[in-house]
S.K.: 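Please find one structure pasted underneath; my questions will follow.
Note that these values count all heavy atoms, side chains included, but never hydrogens, waters or copies made by symmetry.
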Amino acid sequence: MSSRPVVTRFAPSPTGFLHIGGARTALFNWLFARHHGGKFLLRIEDTDKARSTGEAIDAILDGMRWLGLDWDGHEYYQSQFWARHADIAHRMLESGAAYRCYMTPEELTGQREAAQRERRPFRIDSPWRDIAEEQAGKPFVIRIKAPREGETVIDDRVQGRVTVQNAEIDDFILLRSDGSPTYMLAVVVDDHDMGVTHVIRGDDHLNNAFRQLAIIRAMGWPEPVYAHVPLIHGPDGAKLSKRHGALGVDSYRDELGLLPEAVGNYLLRLGWGHGDDEIISREQAVQWFDLDHVGKSPSRFDFKKLENLNGHYIREADDGRLADLVATRLGLTDDQKPLLVEAMPELKPRANTLVQLADGAVFLFTTRPLDVDEGAASLLTTDSRALLAAAHGKLATLAEWDAASLEAAVREVAEAGGVKLGKLAQPLRAALTGRTTSPGIFDVLALLGREESLARIADQMEPNE
RNA sequence: GGCCCCAUCGUCUAGCGGUCCAGGACGUCGCCCUUUCACGGCGAAAACACGGGUUCGAGUCCCGUUGGGGUCACCA
């Protein structure tokens, strides 16, 4: 069975956006398939009509594309296979692997509550399990006749050998009273029909694996290899949820301003490691990824580390690409882009996210008079305003407006004024950018150009000058 | 509560019986570079949950305790 070509799948239910945990599951499946030269399939589990939305489907596909997780062939939609699911349930009924259960929901809750009261574990004990004849006209569900003796063992590729007593597995429902298939049935049938060989998913499904195996065995189908990956937890150690800002990947892109390669790299390293390697390209990941090195304990999500990684990828990214991304955020016109590209080498070492990058670039495009923030304003004292006037006078005479001439001129003014360079550079920065931090002041002058620079300086000069 | 799983620095992790007085990364704190802020460089503090075994030898194997997580629907 391990000689079968590898087929993995990602099977999200489109009830919300592609969240970060799902993205990691998808990444692991994708990586595993690519590593083995197999196929990676995508199946949308849209059987819950009430909660599934087209918007969510789009968000999932969009998120996967953004992360570079391409799937083979078209995407599957589980709801299209209802008839097939129902057919399997009926075949199990005929072979005696399942039965019609006429218990009402009320009877069931009654039993459940009784068990609760007596503080004993609840196990479905249907009186219909061994009754074959139909109760004409009465509603029923089809339940699996789960094994009651012995135990079931799963050799999970990440969890190891897990054993569960069959007595723990109850007669769960295959087909609801309205004839619709349950998730448990649908997953198994679809995975089988799609030829899935490796089921890699969150370990919140580990318990389900035993139930699903019961169906697989009843049908005599080949058993997939299971790999249950620990869930991602929030900073407090509990399962990542909306409460922790478990955002959709679209938020990581749009609101947080992260690059897909950073998110992918971070997710890869969360729960998986390859020696001391931290920065791992997609190519290396495909080459190195394996299930053996997936950790068994849940890991906590660390935004700081993600952000740092993103900073690394920003510094590594192409200036033109970064400029496009920032231009969109700032709503710039095409003719403003060249300046942004030119400034990018000075801008990008100062940012860990595109939000910060865009913020650091605004001074290039704001129009006079500038908004001067509090820190910058405190730098514009009477003395420094006089210094700015001196600098303005000197700079206005400059024949060449390049970094070298600019530096020489500014240093000269500082010296003539008997102050250290910083005493002049800081007010200059305040006047030119309205901020206390920016790229080097000579670069700022050069980037802004003669006319704009002189005008901004003049705006902040001593009034009586 | 039943069942299942997990347990190395604050966090992500390396470690697959000796080469570990435990390595890397993020974060934190110093120093250097420097007109600011970053980037970069150097350095520091920081962990094998606890208790029993097994073994010549245990972070690495076994058992227990404690702690954490997951799961117990006519949801997926």
S.K.: Could you tell me how far B:U11 sits from B:G69 if I compare only their P atoms? Round to whole Å.
M.R.: 14 Å
S.K.: For nucleotides B:C61 and B:C6, find the distance between their P atoms and express it as a whole number of Å.
M.R.: 11 Å
S.K.: Take nucleotides 22-43 of chain B nucleotide by nucleotide from the 5' end and write B, S or -, depending on whether a protein heavy atom sits under 4.0 Å from the base, only from the sugar-phosphate, or from neither.
M.R.: -BBBSS-------BBBSSS---
S.K.: Report the residues that fulfil ring pair (Phe, Tyr, Trp, His ring centres under 6.0 Å) with A:His205, sequence neighbours left out, ordered by chain and then residue number.
M.R.: A:Tyr183
S.K.: Classify the angle between the aromatic ring planes of A:Phe289 and A:Trp272 as parallel (below 30°), tilted (30 to 60°) or perpendicular (above 60°).
M.R.: tilted
S.K.: Do A:Ser177 side-chain and B:C74 base share a donor-acceptor contact under 3.5 Å?
M.R.: yes
S.K.: Could you check which of B:C74, B:C12, B:G15 has an atom nearest any side-chain atom of A:Leu108?
M.R.: B:C74
S.K.: Where do A:Arg282 and A:Glu261 land on the salt bridge (Lys or Arg N to Asp or Glu O under 4.0 Å) test, with the steps shown first?
M.R.: CA-CA 8 Å; A:Arg282 191 50 67 85; A:Glu261 56 268 46; over 6 Å; no
S.K.: Find the partner of B:A22: check Watson-Crick (N1-N3 plus N6-O4 or O6-N4) and G-U wobble (N1-O2, O6-N3) distances, both under 3.5 Å, and reply none if neither fits.
M.R.: none
S.K.: Given the P atoms of B:C3 and B:A25, what is the spacing between them in whole Å?
M.R.: 44 Å
S.K.: Which one is paired to B:C33, where only Watson-Crick or G-U wobble pairs with both distances under 3.5 angstrom count?
M.R.: none
S.K.: Using atom P of each nucleotide, how far apart are B:U28 and B:G15 to the nearest Å?
M.R.: 27 Å
S.K.: What contact category does A:Arg112 fall into here, base, sugar-phosphate, or nothing, at under 4.0 angstrom with non-hydrogen atoms?
M.R.: sugar-phosphate
S.K.: If pairing requires Watson-Crick or G-U wobble contacts with both distances under 3.5 Å, which nucleotide is the partner of B:A44?
M.R.: B:U28
S.K.: Paired with B:U66 by Watson-Crick or G-U wobble geometry, both distances under 3.5 Å: which nucleotide is it?
M.R.: B:A7
S.K.: When you check the side-chain N and O atoms of A:Tyr313 and A:Asn265, is any donor under 3.5 Å from an acceptor?
M.R.: yes
S.K.: Hey, are A:Asp203 and A:Lys296 close enough for a salt bridge, meaning a charged N less than 4.0 Å from a carboxylate O?
M.R.: no
S.K.: Might you point out which heavy atoms bring A:Ala262 and A:Asn310 nearest each other, and give the distance in Å?
M.R.: CB-OD1, 3.2 Å
S.K.: Is any side-chain heavy atom of A:Glu452 less than 4.5 Å from a side-chain heavy atom of A:Leu447?
M.R.: no
S.K.: Kindly say whether the aromatic ring centers of A:Tyr266 and A:Phe303 come within a distance under 6.0 Å.
M.R.: no
S.K.: Any side-chain N or O of A:Thr47 less than 4.0 Å from the OP1 or OP2 oxygen of B:A76?
M.R.: yes
S.K.: When you measure from the side chain of A:Gln159, which nucleotide among B:C4, B:C5, B:A76 comes out closest?
M.R.: B:C5
S.K.: I need a per-nucleotide contact map over nucleotides 58-69 of chain B, read 5' to 3'. Cutoff is protein heavy atoms under 4.0 Å; write B for the base, S for backbone only, - otherwise.
M.R.: -----------S
